[in-house]
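These figures come from a predicted structure and were not determined experimentally. Naming convention: chains lettered A, B, ... in sequence-line order (proteins, then strands); numbering from 1 in each chain.
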Amino acid sequence: MRRSVVLAYVLKELKIMFSDKVTVFWLVAWPLIWVFMTAYVFVSPTAQSPVQLELGVVNYDTTPQHNLSFISGDFIRILKEAEFNGTKIFNVRVYSSEEKLREDLRKGRIDAGIVIPANFSLSLVMGSARLSVLIGARDPYSSSISYSVISSFLNEFGRRISLYKVETALGYIGQYSFANAYTPININFTDYVKSFMYGLAVPINVSYENVKPEALATRPNTLGWYTIGAVGMMFLYSGFSYGASALLSEKERGTLRRLRASPIKESELVLAIILSGIAPLVISAVIVIVVGVLTGANIVFNPGNPLHWLVPLLILDGAFLSIGLGILLSLLAKTSQGASALGTALGLMFSFTAGIWFPASMMPSWLQILSKVFSPTWIFDAMRAIMVFNRGLDEVAPTLINVALSTVAVILADIAVYKLRLKKYIEEA
Amino acid sequence: MQEFAIVVENVEKRYGSRRVLNNVSLRIGRGVMYSLLGPNGSGKTTLLSIVVGVLKPDGGRVLINGRPPDDPDTRLHIGYCPQEPAIYERLSGWDNIFFYAKLYGVPKEDAYRRARELAEAIGLGEYLKVRVGKYSGGMMKKLSLIVSLLHDPDILVLDEPTTGLDPSSRREVWDLLLKLRKEGRTVLMATHYMDEADVLSDTVGIMDSGVLLAEDHPENLKKRYGPPAVVAIKLADKPMNIDIGKAVEGLGDRYYLDGDTLKVYVEDPDVVLPKLVERLYERGIRVDFVKVDRPTLEDVFHKLTGKRLKQE
């Protein structure tokens with residue numbers, strides 16, 4: 001066997017293989033992207049740090065504060081100050097009534113609520129205190145996260161209260177004879193000791209209740225949430241890919257030169273390319289929604305509500321923005337195949353930060369920043385706000401303004417990119 | 001009406017540090033067929049791209065009917081057929097035709113009628129229903145030509161319109177181009193086929209390395225730059241280790257080997273030919289046949305550049 005011949009053939013094949021950027025992408029870049037996402041998204045280095053919950057608190061405790069070693073105000077202060085690895089665990093909002101708290105939970109504005117009952121401080125000092133925890137759901141994942149975080153916090157809180165009470169009891173034993181011992185209320189000292197001892201074992205008696213938003217309380221509504229996610233996924237994958245490769249495809253076909261020699265203007269060409277990409281995306285979005293509804297998804301569209309007529313516009317704008325952003329990606333590609341692969345890969349990555357599969361709040365904080373400045377996220381959030389959470393115009397309006405401004409910015413950037421690319425492509429052809 | 005359909009004045013173009021067009025000027029009158037003859041990389045395609053407004057020159061200017069070429073109204077007067085077919089392979093011939101007709105504002109009925117006439121003329125009529133992906137290279141080229149003529153332009157800019165066509169298809173395209181010239185259209189064509197430029201053109205411009213070296217009627221170019229005659233001697237064997245220069249010395253202005261044919265530029269073929277054959281026999285070179293040719297544009301190009309067009 002001639003080793004040099006075999007080696008020459010292998011080298012030739014490797015050269016051919018690695019001269020194809022698409023092959024290089026799938027062989028090297030894609031596994032690297034996947035490892036990167038696994039390391040920084042799915043199994044984030046900051047995964048041990050708690051997510052910050054939006055927590056509502058209602059305080060009905062009217063116990064006189066004097067002579068009590070712990071008051072409900074302290075409990076709220078501890079909630080506000082609780083940290084893990086330097087991150088505040090709760091962003092506490094104080095409510096005046098349980099009704100208002102439940103209303104915000106139902107609308108998905110907060111993750112959870114705590115209702116502090118009357119005599120909470122007294123009960124806590126005397127024995128066991130009741131506490132109602134209402135678990136909300138801003139998305140299908142957050143209720144279990146909220147439950148886990150709050151229950152862990154309250155377990156630790158209870159343990160510390162127990163220790164504190166034991167130390168207090170030991171102090172009493174040293175200072176007073178039982179006969180003259182002080183009781184905060186007028187009960188028999190023996191009953192007080194019994195209650196106190198039970199309180200050492202279970203200082204807080206927590207009851208949990210799920211208060212999911214109506215939109216997420218049932219399977220059809222959860223399916224609706226995911227159906228909008230599927231529309232967003234398709235926009236990002238296909239929109240990015242089409243936008244990035246459209247002009248390069250015209251160049252590679254050789255048709256770009258003929259198009260530029262025709263009376264079509266640059267702005268018309270940019271618009272035509274975007275619109276021709278929008279049409280299949282919108283058709284696909286309609287198909288996804290229809291199939292979603294057929295499989296049981298509850299997608300609310302009320303023709304009598306003017307706000308709901310924004311949804312078709314949001315779908316159009318979502319398609320427009322994803323193609324427009326894809327066009328910007330064409331700056332990074334040399335061939336239509338490379339551009340398409342780049343668009344698909346970035347579409348996949350952005351689908352996580354855009355909250356398509358799970359909420360952006362589950363991402364590491366630096367990815368959450370990316371999510372907040374990524375305009376398609378605003379569109380998907382607005383669609384869910386209208387169709388899933390049934391929110392009003394006052395709450396959606398700021399998002400819509402951001403969407404409109406970002407659309408204009410993307411159009412202007414696209415025209416600039418096209419002028420730049422057109423010149424280069426024609427000179428290269 | 002402007003006297004010249006196409007005016008190119010002192011056009012310069014650079015790609016980075018590489019100068020691809022160097023002070024090119026030409027004027028093409030109405031109804032004239034002008035061929036740019038030059039090898040690949042001589043700047044023909046770049047010049048045509050500037051003429052149709054696809055590229056902007058770095059210096060100089062171009063006027064089409066007295067107006068800049070990137071003016072949308074001006075573009076309606078230009079029919080541009082790029083070097084590559086520039087059609088959509090996933091569409092049928094008719095789909096391509098109707099798409100481009102729309103860009104130029106040609107009504108569908110007019111586009112249908114005109115495309116049908118043109119397709120019949122160049123033998124594509126029955127294939128317009130077929131998806132272009134199933135076409136041969138020559139068929140694509142023909143469709144590309146039809147597309148460039150849909151809007152009935154008075155100026156045609158054709159970049160190597162017959163490259164890749166078989167001889168019979170080339171002849172069909174030539175006939176169409178001659179018919180278009182008869183109709184009074186101005187044609188600017190790039191080609192590297194000497195015979196095409198020779199047969200079709202009123203004026204030929206010789207280009208090399210971004211410079212327009214000469215332009216005139218083909219016969220005038222041959223008279224001015226070509227030798228009186230070219231003696232072509234087909235050698236029986238390709239000469240090995242023989243100094244052809246010595247054999248030709250004193251008999252011709254210059255010579256070159258075109259495969260196994262020795263071509264010598266001579267003033268008086270009747271006197272030179274016997275002596276030349278004799279010298280070759282003396283050196284052991286056998287001759288299959290000899291003929292005396294008139295000079296061609298190839299000879300003109302060789303005279304002007306010292307290079308041969310065919311080799312490019």
Highest number of heavy-atom pairs under 4.5 Å with chain A: which of B/G53, B/A86, B/C81?
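If we count pairs closer than 4.5 Å to chain A, B/A86 comes out on top.
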
Is it the backbone or the side chain of [X] that comes under 4.5 Å from a heavy atom of chain A, or both, or neither?
X	result
B/T74	neither
B/V157	neither
B/L103	both
B/P85	backbone
B/S148	both

Which portion of A/E268 sits near chain B, non-hydrogen atoms under 4.5 angstrom
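No part of A/E268 comes within 4.5 Å of chain B.
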
Closest non-hydrogen atom pair, B/P72 against A/P263
O-CB, 3.9 Å

Taking all atoms of both residues into account, what is the closest heavy-atom pair of B/Y104 and A/A261, and its distance?
OH-O, 3.7 Å

Ignoring hydrogens and angles, state whether a donor on the side chain of B/S49 or A/R257 is under 3.5 Å from an acceptor on the partner side chain.
yes

Less than 4.5 Å apart, any side-chain heavy atom of A/E250 and any of B/Y88?
yes

Using side-chain heavy atoms (C-beta onward) and a distance below 4.5 Å, is A/R260 in contact with B/R75?
yes

Using 0.5 Å steps for rounding, measure from the NZ atom of B/K102 to the OG atom of A/S262.
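So the gap between those two atoms works out to 14.0 Å.
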
Can A/R258 be said to sit on top of B/Y100's aromatic six-ring, NZ or CZ under 6.0 Å from centre and within 45° of the ring axis?
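Ring-cation test returns yes.
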
